[in-house]
Every structure is written in C-alpha cells, then in structure tokens.
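Just so it is clear, the model here is predicted, and its values are computed rather than measured.
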Amino acid sequence: MIDVRLLRTQPDALRAALARRHSAEVLAQLDRAIVLDGRTRDITARRDATRAEVNELSKQVGQLRRAGDTEGAEVLQKRSRALGDHEQLLDNEHDVLQRELNQLLLRIPNLPHPDAPDGTSDGDNPVIKGPVHLPDSFADHQRVPHWETAAALGILDNERATKISGAMFTMQRGLGATLSRALCQYALDRNADAFEEIRPPSLVTTATLTATGQLPKFADDAFAIERDGLWCIPTAEVPLTSLYAGEVLDAELLPMRLMAYSPSYRREAGSAGRDTRGMLRTHEFDKVEILAVTTPEQGAQMLPELLSRAEALIDGLGLPYRIIEICTGDLGQSHHRSFDIEVYAPGCDAWLEVSSVSWFSDYQARRADLRYKVAGQRGTHVANTLNGSALAVPRVWAAIVENFRRPDGSVAVPAVLHPYMRGAVSIEPRGVASR
RNA sequence: GGAACGGUGGCAGAGCGGACAAAUGCACCCGCCUUGAAAGCGGGAGGCCGCAAGGCCCGGGGGUUCGAAUCCCUCCCGUUCCGCCA
C-alpha cells in the first residue's frame, strides 16, 4: 500500500510516478482515492468534534449524579443522547468512505523507483548483463527438449502426475527427484552465511496473502482452501514477509535476512494450455527464497546483494544466463524495482525466467503493518522488504537437463551439486546412477 | 471435535460501569550519588489519525448505556483436560 499521506501532501508527484506504469486505470484509481481521502478526513473531523461533545456531557452527567442533582443530569443526558444519534450517523458515513478508500488503496500499485527503466511491456525490459556462459553454438545433442531426455532417463513421470493430480502437475523420479532436492540444498547452503533458514507454513490466512499483494486483486492466481479460509502460498515470500507482521522491530535487528525452502502453488489461471509440457509451468514447484527486512536506506544496498546472491547460484551451476531489468510498464503491483535472471535452455530454445529479485520499498510492509523503532527516538517507521528467488527448481532442472546432455543421452550433474547427489555425477538411462 | 479457564502497555500483572492511557513490579532512558558499577534517590517514557483542538486504541466485530477495559452477543487466538492422530 502506498502511504495515504502522499495523497494529500504530494498528489502531483504521486501522479507523475504512477504515470510511468502506463496504465490509465491506475491513474483513475489514484484520482478517486484523493477525492475519497479528502471526504473521509472531513467527516472524521466532524465525527470527532461530536464525540468530544458527548464525552464532555457524559463527564458532567457523572458529576451531577454524584452531587445528587438528578434533574440536571437528566437534562444533559437527553442532549447527549441526541448528539449520540448524530454521531452514529456521521460514524456510519465515515465507515463507508473508509472502507471504499481502503479497497482502492489495496489495488493501487507501488511507485516505480526513479531509476527503473521506462517502458510499456516486457518487450522493453533491457538486458543489463550477459549473456554469461553462452557458447558460440550448441551441439545437436543439446537441442533436445528436457521432457524427451527426462522420459528416456526415467527421471520425469508427468503422465502419472497428471493421473494423480490433473494437468500441470509434475513428478520427478529417481535421480530426477534427487536433483530437485539437491538444488534446494545447494541454494540454502550457499546463503547460510548470512540468512536464517526458516521452514514456514505452506498454507496461510487471507490477511497474510493480502500483505504481500496477491489479494485482493490476484485471487484467481492462488489455490484456495475455502472451507478453512486458507490459501496455498505461491512463494515463501508470503509467509516470510508476514513473519513479523503487526510487530515493531528494534532497528538494531535490521537488516534482517531470512531464507526458506517451500513448495509454491500457482493456479496459472491465465496460462492454461501454455508451456504444458515438461517442467516450465506447473501448479506446484519447489523454490528457495531469500528475503530481507530493512530500513529504507538499507533497501538500496540490499537489492544488489540479493541479486548477486541469486546470480552466484546460477553462475555456480555453469548455466548460460543473462540479467534483465523490469521496466515500469511490466513491474508487478508491489514492486518498486525488479530484476530477472534468465537461463538459456537450448532444447526449448528459450530464455527461461528462473529468478526474480525485487525491492518493495514500504509497500508490503505497510500492508503487513511491519515497523521498526530506533532506540532513543520517538515514533515508529514502516520497514522495507526485498526478496528474490534464490533458486526456482523446475526451470533450472530443465536447463540442466538440456545444457548438460551428452551425445549418449546421459546428463552430467554440475560439480557444485555432487555433494547432494549421493555420489552421482551423471544421470544415466533408467535413472541408474553412474559412479 | 467436546469441556474449563484465559486474552490489558516491551514483559509480568491489577482493575471488572464514571475521576482509567490504565495501579504495581521488572526491563528501558535521563539525572544525582560513586574512582567505576550495583544498590539507593529524583525524573522520563506507549501506539494510530489530525496543522491544531481533539479523537481512537485494554484480542476482532457488534450490542446495551448519558458513559464500557469493566455488562451482553459473536468470532478469533492461547492454555489445560478429554477425544482423534503423523
């Protein structure tokens, strides 16, 4: 949520910042919010004044009664009652306005960072680094889609996954399953120097999913467990961001670095039928997320740190990759500034988004009511949050199977994963490990 | 799922229709004392909205009342016991 105070103090700057998202709808929402805020404050002032009168009268009633002046007390009670009715009307009006304003504020997106490149769609996202590790050419044995290689090796069984759970679910087997887990272990171990590992719940409340920005606007993208009022998390960002929701943190604890492995669930409502083969787009996948809670000043430093940590993981695997920056027109609702890491998959002949690193400024923290307090200073401040996929398993898994496929159809396991593969350095047909 | 008891400031905990933003203790901050510290003494200090006046906040929501932390309803959460269970 953007800061309501900006609505009255800097409406023009707000409008200019949001205009960079190139959405007429957003600007219309902003104008409506400014009007609603003005009306809300006006009605609040009138309600408060009436309340103050009622409070004062009630105090006098108490005094008169104690003094034994029943008649006088009853006269004041009558006046107080009438005022109370009026206050009730004002309060109802206030609630209606406030509710409408809140609903609107939950949908107005975050302000883009001044340095975020301008653009209208993903076609305008500039490549800011790379390609790295991209060979001049790929051999024919690398131009095989991972689902074919994986089927031949017996490490992917999507037919049975679909039988069990329906379309867009996957199942890895043998060393394929081990490889998934190895990637998670690798991502966690490489960041354990600075990040506390969390194993969060995978089901969260509506309030929790609202804090990060998925609700109310993107309800269709999430799996809901309606009977219990719970939602499946689309990313560990959701529980991690809300870990300290509603709390006031001591500034000395910041920046706070957290990481978590979790399954991630996505309905992929808008993309049914797309990328349905293999592991490119699935309803459930494994991911390791890294996240930081910071002051606004620390946020600027933390963004490159998270990006370089995510990059180091991909780099360490030896996969061809590049980094793109997200332009203002393609920036997600909650995002202030954002970068994607893409890995090249020669079998699919596609750049796959495998990581997204973002700074949310105070947008999520305000929704989560996540604040910090500086010792010796009055008042509290809204924190900043940042996060990034350290490693999203399925696409990296696919890229490994395609890039490191050998002429004989086997797949070489990147050296950094050897410690997690029970000795396997290669995946051979029928999922049998060669040693 | 059933029963009982709870939910008050950073923590513990009193208050149970009016003078309550709320006792008290611990923790915290600033002085004094001390070579330094502890102890002791004195003082300070919650959050949110508002330019301010003022208003709001005792788990959430609703109700009763001139007036609610206090009474009623409802939901949520916690603890313990029972049931079920990896």
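Between A/His336 and A/Phe360, the distance separating the two ring centers is not shorter than 6.0 angstrom. Taking the centre of each ring, A/His335 and A/Trp359 stay at or above the 6.0 Å mark.
One interatomic measurement links the two molecules: NZ of A/Lys373 to C1' of B/rC48, which rounds to 13 Å at whole-angstrom precision. For A/Gln98 and B/rC57, the CD to P distance is 15 Å, given to the nearest whole Å. Residue A/Leu57 contributes atom CG, which lies 14 Å from atom C1' of B/rG18 at whole-angstrom precision. Between A/Arg65 atom CZ and B/rG17 atom P the separation is 17 Å, expressed in whole Å. In this structure, the CG atom of A/Asp369 is 13 Å from the P atom of B/rG60, given to the nearest Å. Distance CZ (A/Arg46) to C1' (B/rA53): 17 Å, rounded to an integer number of Å. Computed from coordinates, the A/Arg47 CZ to B/rC56 P distance equals 8 Å when rounded to whole Å. Nucleotide B/rC48 holds its P atom 14 Å from the CG atom of A/Leu370, rounded to whole Å.
As rounded to the nearest Å, B/rG67 and B/rC49 have C1' atoms that lie 23 Å from one another. If you take atom P in B/rG59 and the same atom in B/rU70, they sit 8 Å apart, rounded to whole Å. Nucleotides B/rG25 and B/rC41 have their P atoms positioned 10 Å apart, rounded to a whole Å. Using P as the reference atom, B/rC58 and B/rC71 are 14 Å apart when rounded to the nearest Å. With both ends at atom P, the span from B/rG61 to B/rA27 equals 35 Å, rounded to whole Å. With P as the reference atom, B/rG1 and B/rC28 are 43 Å apart, rounded to whole Å. For the C1' atoms, the distance linking B/rU80 with B/rC32 amounts to 50 Å, nearest Å. Across the P atoms, B/rA37 and B/rC30 are found 12 Å apart, a figure rounded to whole Å.
Nearer to the 5' terminus of RNA chain B, by closest-nucleotide assignment, is the contact made by A/Ala49 (compared with the other of A/Lys78 and A/Ala49). Residues A/Val54 and A/His381 both approach RNA chain B. Their nearest nucleotides, taken by heavy-atom distance, put A/His381 toward the 5′ side.
In this structure, B/rC81 and B/rG2 make a Watson-Crick or G-U wobble pair, each of the two defining distances being under 3.5 angstrom. Nucleotide B/rC16 is matched to nothing when pairs are restricted to Watson-Crick or G-U wobble geometry with both distances under 3.5 angstrom. When both distances must be under 3.5 Å, the Watson-Crick or G-U wobble mate of B/rA21 does not exist. Base pairing of B/rC28 is made with B/rG44, judged by Watson-Crick or G-U wobble geometry with both donor-acceptor distances under 3.5 Å.
Listed pair A/Arg371 / B/rC48 meets the phosphate criterion, a side-chain N or O lying under 4.0 Å from OP1 or OP2. Distances shorter than 4.0 Å separate some side-chain N or O of A/Asn55 from OP1 or OP2 on B/rC56.
At least one donor-acceptor pair closer than 3.5 Å links the side chain of A/Ser334 to the backbone N or O of A/Thr212.
Backbone-only engagement by A/Thr380 is indicated by non-hydrogen atom pairs under 4.0 Å involving sugar-phosphate atoms exclusively.
In summary, A/Asp85 and A/Arg81 do not engage in a salt bridge, as defined by a charged side-chain N under 4.0 Å from a carboxylate O.
Sorted by residue number, the members of residues 80-88 of chain A with any non-hydrogen atom under 4.0 Å from RNA chain B read A/Ser80, A/Arg81.
Closest approach of A/Glu289 and A/Ser389 over heavy atoms only: OE1-CA, 3.4 Å.
Annotation for A/Arg51: atom CZ counts as buried by contact number, over 12 foreign heavy atoms lying within 6.0 Å.
The A/Gln77 side chain lies nearest to B/rC66 when the options are B/rG54, B/rC66, B/rC49.
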Cut-off 3.5 Å, no hydrogens considered: what does the side-chain donor-acceptor table look like for residues 243-257 of chain A, sequence neighbours left out?
from: A/Asp250; atom 1: OD1; to: A/Glu252; atom 2: N; distance (Å): 3.4
from: A/Arg257; atom 1: NE; to: A/Glu305; atom 2: OE2; distance (Å): 2.9
from: A/Arg257; atom 1: NH2; to: A/Glu305; atom 2: OE1; distance (Å): 2.9

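Atoms CG and NE2, on A/Asp124 and A/His22 in that order, are 8.0 Å from each other to the nearest 0.5 Å.
Inter-residue side-chain proximity for A/Glu196 and A/Met259 is flagged as unmet; no heavy-atom pair is nearer than 4.5 Å.
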